[in-house]
Amino acid sequence: MRLSSAFLKTMKEVPKEAQVVSHQLMFRAGMIQKLASGIYNYLPMALRSLRKIEAIIREELEKKGCQEVLMPIVQPAELWKESGRWEYYGAELLRFKDRKDSDFCLGPTHEEVITDMVRKNLKSYKQLPWNLYQIQSKFRDEIRPRFGLMRGREFIMKDAYSFDESVEKSLENYQLMYDAYTAIFNRCGLIFKAVDAATGAIGGDRSHEFQVLAESGEDGILSCSHCGYAANEEKAAIKEKSYKLDNSTFISLEEVHTPNQKSIEEVTEFLGKKPEELIKSMVYMVDEEAVLVLVQGNKEVNEAKIQAYFNANIVHLADDKTVEEITGAATGFAGPIGLNKQIKIAADNGVQGIINMVCGANKTDYHLTDVNIERDFKADVLGDFIHAAAGEPCPVCEEGILEEHRGIEVGQVFYLGTKYSKSMSCNFLDRNGKEVPAEMGCYGIGVGRTLAAAIEQNHDDNGIIWPMAIAPYEVLIMPLQLKDEDVVNVSNTLYKSFLEAGIDAAIDDRNERAGFKFNDADLIGYPVQIIIGSKTIAEGMVEVKVRATGEKQNMKVAEVKDWMINFKSEALK
RNA sequence: CGGGAUGUGGCCCAGUGGCUAGGGCACCUGGUUUGGGACCAGGGGAUCGGAGGUUCGAAUCCUCUCAUCCCGACCA
């Protein structure tokens, strides 16, 4: 590429809406421009990098036997009604009607379409396994798009779906994809962690997220300081304890007047108790069923764990009206004893360890003190329903402590089971001639987000520092004096020889001053700069600068090509 | 959806009732420069987000509306 005719404009200043460094640098380097909130134009520099990431993805997936397909963005509502997700996917699913008044949506993901496509072709176990993928635009009408390509509404995603005859085979496929993802992100030059993850609305019961470690990451990750355990904050487990309470320390239950004291802070202050002596009682709607969730006062309820425990589609707090109906009291005075309407009580394991605890009395302006589990109430279910936090013991090993990191989720793999194949009758005849649903997995990579994450992890004050594998160009040739014939001739010759050697080279043949070119080159982040100036060329030398280290060395013109070929292959190892 | 903020040339910002709406960056022309975002001179580009209203007079005040950003809730 000759920069003199490139569709490229760099900027010294950034729009104030760009809040994170990847967004700022992508804007300044002329890679992306916003069209609407969360919707971006990809300019040539960005697209070149995206295509390289895509090429890496394709290579690694084909190695594992995946086959590429392309499905439509516009999808008929019927399929979504069949899977049930038309009802509960929510406003993130952009719905619209065609001229015949039929319902459609823009695909936020493609489980429905792929399952439909596969069931039309799948007859026998002999055809399996299949693992189909595509790289394509998705649309999710996010409540709050932000951070440029990090959380857009329209974005490029690689999504893959596996179909297997058995759980074992499906988990083998899952592992293949896990390995492929590890290879992909390694090749992209990223520092990342694969962590245990919640499955959310997509369903299924096994999942890992690939998190690129970066301060600006939206996700919290907890990992063990000692063993290899790592999980998304919302999935991270609590270390199991055994609870033996000494009955002799129990005191008798009492009702106390606590006028207008609703929150944990208010009640603890009013009664002179510590937060850990209280039980937080919250009414949740778990799909259609109301459940009273109990956790220790100093802990936070983890909705993802409730959703997983009850295998629910949606979990949300009940509204005030429902709370009043169930408890018989205003919100803020709920508790496990004396509910107006008996509902299921789900207590976090930690509640078993509290002696003489305080909870709402299900009576407005009253709490109960010195309540004890088993003696005063029973939980219908006990489980892990709270958020883990940094500093807590590792749930897996004996020595470790959980540490927190921030991460950008660039990929996630799910084992789905038969959630979609059952609801959509994606069946086949197994070895016994019996019709059974396919075992499925699904696997996503945010391609644009991977690009943004790479910049978050690889930049300095001057600009981007591209990993070689995903740099828009691998090297920039910089003739500094366009009036000097030797400079121009050597530059052009090198440029051609690079292209012939299969190196992605650009040449800055713009009539600009040296300082301008240097700053631009650092901003865009070409891994290598070949600086060609009158002084050095007179001695048959050029200057080679490595962006990542800032190292400069003079080199004979004749040696530059081989050096570059070698440098590139080293960088791609 | 709740809370907060902002909309003035492509980008950053000034202008808070009164002459033809300013500056910096970017862009065009000429000249001087030429190894870390040059300088001088000249020039082009804006219905001040939109609609309505108040006023002799509105970028500025009022009403409505649209858009964007931040925090929260929410989210493969």
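Numbers restart at 1 for each chain; the letters A, B, ... are given by sequence-line order, proteins then strands.
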Polar atoms only, N or O, under 3.5 Å: list the protein pairs with nucleotides 65-68 of chain B and their distances.
residue	atom	partner	partner atom	Å
B:U68	OP1	A:Ser37	N	3.1
B:U68	O3'	A:Lys34	NZ	3.0

A:Asp348 and A:Lys280 ion-paired at < 4.0 Å: no
Decide side-chain hydrogen bond (donor to acceptor under 3.5 Å, both in side chains) for A:Asp319 and A:Thr322; before the verdict, give the C-alpha distance in whole Å, the side-chain angles of both, and the deciding distance to 0.1 Å. CA-CA 5 Å; A:Asp319 56 37; A:Thr322 311; 2.6 Å; yes
How long is the span from the CE atom in A:Met478 to the CD atom in A:Gln529, to the nearest 0.5 Å? 5.0 Å
Which part of the nucleic acid, if any, lies within contact of A:Gly533, taking any heavy atom under 4.0 Å across all strands shown: a base, the sugar-phosphate backbone alone, or nothing? base
With heavy atoms under 4.0 Å as the rule, sort A:Asp159 into base, sugar-phosphate or nothing. nothing
Tell me, for nucleotides 22-31 of chain B in 5' to 3' order, what letter each nucleotide earns: B for a base near a protein heavy atom under 4.0 Å, S for only sugar-phosphate near one, - for neither? --BSSS----
Would you classify A:Asn462 as touching base, sugar-phosphate or nothing, given that sugar-phosphate means primed atoms plus P, OP1 and OP2, and contacts are heavy atoms under 4.0 Å? nothing
Mind checking side-chain hydrogen bond (donor to acceptor under 3.5 Å, both in side chains) for A:Glu439 and listing every partner two or more places apart, or none if nothing turns up? A:Tyr415
Could you work out, with side chain to side chain contact (heavy atoms under 4.5 Å, CB included) as the rule, every residue matching A:Ala453, not counting sequence neighbours? A:Val212, A:Ile408, A:Val410
Minimum-distance nucleotide to A:Arg151 side chain [options: B:G35, B:U34, B:C75]: B:C75
Integer angstrom distance from the C1' of B:C27 to that of B:G52: 37 Å
Spatial distance of atom CD1 (A:Ile32) from atom CD1 (A:Ile39) [nearest 0.5 Å]: 13.0 Å
Can you name the residues that form a ring-ring contact (aromatic ring centres under 6.0 Å, His included) with A:Phe385, not counting sequence neighbours? A:Tyr309
Where do N or O atoms of nucleotides 6-8 of chain B meet protein N or O atoms at under 3.5 Å, pair by pair?
none

Which part of the nucleic acid, if any, lies within contact of A:Gln481, taking any heavy atom under 4.0 Å across all strands shown: a base, the sugar-phosphate backbone alone, or nothing? base
Residues A:Arg85, A:Tyr420; criterion side-chain hydrogen bond (donor to acceptor under 3.5 Å, both in side chains); working and verdict: CA-CA 10 Å; A:Arg85 288 208 288 187; A:Tyr420 296 91; 3.0 Å; yes
Those residues that, when tested against A:Val557, pass side chain to side chain contact (heavy atoms under 4.5 Å, CB included) (two or more places apart): A:Val490, A:Ile537, A:Val542
Looking only at atom P, what distance separates B:C1 and B:C39, rounded to whole Å? 49 Å
Considering residues at least two apart in sequence or located in another chain, which fulfil the ring-ring contact (aromatic ring centres under 6.0 Å, His included) criterion with A:Phe210? A:Tyr178, A:Tyr181, A:Phe185
Pairing residues for A:Glu142 by the salt bridge (Lys or Arg N to Asp or Glu O under 4.0 Å) criterion, not counting sequence neighbours: A:Arg151
Using atom names, set out every protein N or O paired with an N or O of nucleotides 72-74 of chain B below 3.5 Å, distance rounded to 0.1 Å.
residue	atom	partner	partner atom	Å
B:C74	OP1	A:Glu303	OE2	3.4

Sort and list the pairs that fulfil salt bridge (Lys or Arg N to Asp or Glu O under 4.0 Å) and have at least one residue in residues 529-542 of chain A, not counting sequence neighbours. none
Can you say whether the rings of A:His23 and A:Tyr40 are parallel (under 30°), tilted (30 to 60°) or perpendicular (over 60°)? perpendicular
Residue whose nearest RNA chain B nucleotide is more 5′ - A:Gly38 or A:Thr536: A:Thr536
Tell which nucleotide pairs with B:G42, taking only Watson-Crick or G-U wobble pairs whose two distances are both under 3.5 angstrom. B:C28
Tell me the salt bridge (Lys or Arg N to Asp or Glu O under 4.0 Å) pairs involving residues 18-44 of chain A, sequence neighbours left out? A:Glu17-A:Lys34
